[in-house]
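First comes the structure, then the notes that go with it.
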Amino acid sequence: GDSVTQMEGPVTLSEEAFLTINCTYTATGYPSLFWYVQYPGEGLQLLLKATKADDKGSNKGFEATYRKETTSFHLEKGSVQVSDSAVYFCALSEQGGSEKLVFGKGMKLTVNP
Amino acid sequence: DTEVTQTPKHLVMGMTNKKSLKCEQHMGHRAMYWYKQKAKKPPELMFVYSYEKLSINESVPSRFSPECPNSSLLNLHLHALQPEDSALYLCASTRGHSYNEQFFGPGTRLTVL
């Protein structure tokens with residue numbers, strides 16, 4: 001079945017550091033890929049998405065590129081802020097649309113001033 | 001209106017109590033979801049309603065009973081829960097049928113004593 005593997009952390013960075021969170025997937029065809037973020041005490045928010053190969057999703061300074069050849073969707077940000085402290089989940093949905101999201105295990109990021 | 005709302009925000013109940021969680025969206029979405037999330041874990045899918053009909057039940061115990069009275073509203077009725085059912089319960093919605101970007105509510109933090 002489909003699966004998502006991501007860095008689990010936890011990771012602690014200093015403000016303005018560069019962030020990369022690795023995410024790779026196993027799926028048939030061309031799934032849609034997502035990054036969700038969960039701030040403390042809140043639900044999940046969609047951070048960015050990509051629906052086909054070579055698409056780049058971007059939002060709030062975060063970026064991720066859908067790489068079919070490496071089955072990856074790594075999340076990057078050039079300069080993190082304290083407000084980016086949260087748990088980040090990589091997820092996929094099967095090609096053609098599916099009622100299910102397959103989540104990675106999530107990675108907790110803490111950014112210190 | 002681009003949000004999913006959930007009530008209550010917190011709920012404490014005894015094992016013999018009956019309570020309900022409520023979820024509402026006014027985005028015209030036709031698929032709605034219940035998830036259970038334990039600490040430091042990704043959300044686990046419980047139920048999916050598509051066009052007001054139950055389409056997925058992930059083998060959830062019968063002490064959890066979902067209800068979809070209309071396309072904007074989703075309830076989760078709780079009865080005779082166990083302490084291990086304590087978790088964050090998340091509701092989500094999508095436009096339905098191949099639109100797989102899910103919008104999440106803030107969740108209900110449930111504690112079973």
Side-chain angles (χ1 to χ4, degrees), chain A residues 1-11 21 23 25 27 29-52 55 57 59 64 66 73 86-110, chain B residues 2-7 9-10 21 23-25 27 29-59 68 74 87-110:
Chain A
D2 296 347
S3 66
V4 173
T5 302
Q6 66 172 109
M7 290 171 60
E8 292 185 36
V11 169
I21 306 177
C23 172
Y25 68 89
Y30 290 82
S32 294
L33 302 173
F34 306 89
W35 277 101
Y36 281 88
V37 59
Q38 187 172 31
Y39 298 103
E42 298 186 10
L44 276 69
Q45 297 178 25
L46 179 66
L47 183 58
L48 51 84
K49 67 177 181 180
T51 57
K52 60 183 186 295
D55 264 2
N59 186 26
Y66 189 145
F73 193 53
V87 179
Y88 292 82
F89 292 98
C90 185
L92 70 80
S93 180
E94 291 176 355
Q95 181 178 359
S98 169
E99 292 176 314
K100 292 188 179 184
L101 280 176
V102 178
F103 286 96
K105 292 186 177 181
M107 196 209 79
K108 183 177 180 180
L109 170 68
T110 301
Chain B
T2 59
E3 65 174 0
V4 177
T5 60
Q6 291 187 244
T7 55
K9 190 172 178 61
H10 300 277
L21 309 184
C23 172
E24 203 160 3
Q25 57 84 17
M27 295 180 279
H29 288 180
R30 302 315 302 266
M32 296 184 75
Y33 305 70
W34 281 116
Y35 288 88
K36 173 183 177 180
Q37 187 181 27
K38 301 285 273 186
K40 301 183 181 181
K41 298 289 186 184
E44 300 174 32
L45 184 64
M46 300 175 71
F47 302 103
V48 180
Y49 273 83
S50 181
Y51 293 86
E52 301 167 46
K53 295 192 185 308
L54 183 65
S55 59
I56 295 178
N57 177 342
E58 292 287 277
S59 303
C68 188
L74 185 67
L88 181 67
Y89 288 83
L90 294 164
C91 176
S93 69
T94 69
R95 282 188 282 172
H97 188 60
S98 83
Y99 293 97
N100 43 30
E101 176 180 332
Q102 293 190 18
F103 292 78
F104 284 81
T108 293
R109 176 73 61 188
L110 174 67

| query | After noting the C-alpha distance and the side-chain angles of B:Glu58 and A:Lys100, does the key distance pass the salt bridge (Lys or Arg N to Asp or Glu O under 4.0 Å) rule? | reply | CA-CA 11 Å; B:Glu58 292 287 277; A:Lys100 292 188 179 184; 3.2 Å; yes
| request: Select one option (side chain, backbone, both, neither) describing which atoms of A:Leu46 are under 4.5 Å from chain B's heavy atoms. | output: side chain
| Heavy-atom pairs under 4.5 Å with chain B, option from A:Ala91, A:Gly106, A:Gly41, A:Ser32 with the top count | A:Ser32
| By a 4.5 Å heavy-atom criterion (distance strictly below it), what part of B:Gln37 contacts chain A: side chain, backbone, both, or neither? | side chain
| task | Could you check which of B:Ser55, B:Ala92, B:Gly107 has the highest count of heavy-atom pairs closer than 4.5 Å to chain A? | result | B:Ser55
| remark: For A:Ala86 and A:Val37 the tightest heavy-atom approach is CB-CG2, 3.4 Å
| Residue list, ring pair (Phe, Tyr, Trp, His ring centres under 6.0 Å) with A:Tyr66, at least two apart or on another chain | none
| Pairs meeting criterion salt bridge (Lys or Arg N to Asp or Glu O under 4.0 Å) with involvement of residues 41-54 of chain B, two or more places apart | B:Arg30-B:Glu52
| query | Is it the side chain or the backbone of A:Gln38 that comes within 4.5 Å of chain B heavy atoms, both, or neither? | reply | side chain
| said: Is the ring pair B:Tyr35/B:Phe104 parallel, tilted or perpendicular, if the boundaries are 30 and 60 degrees? | reply: tilted
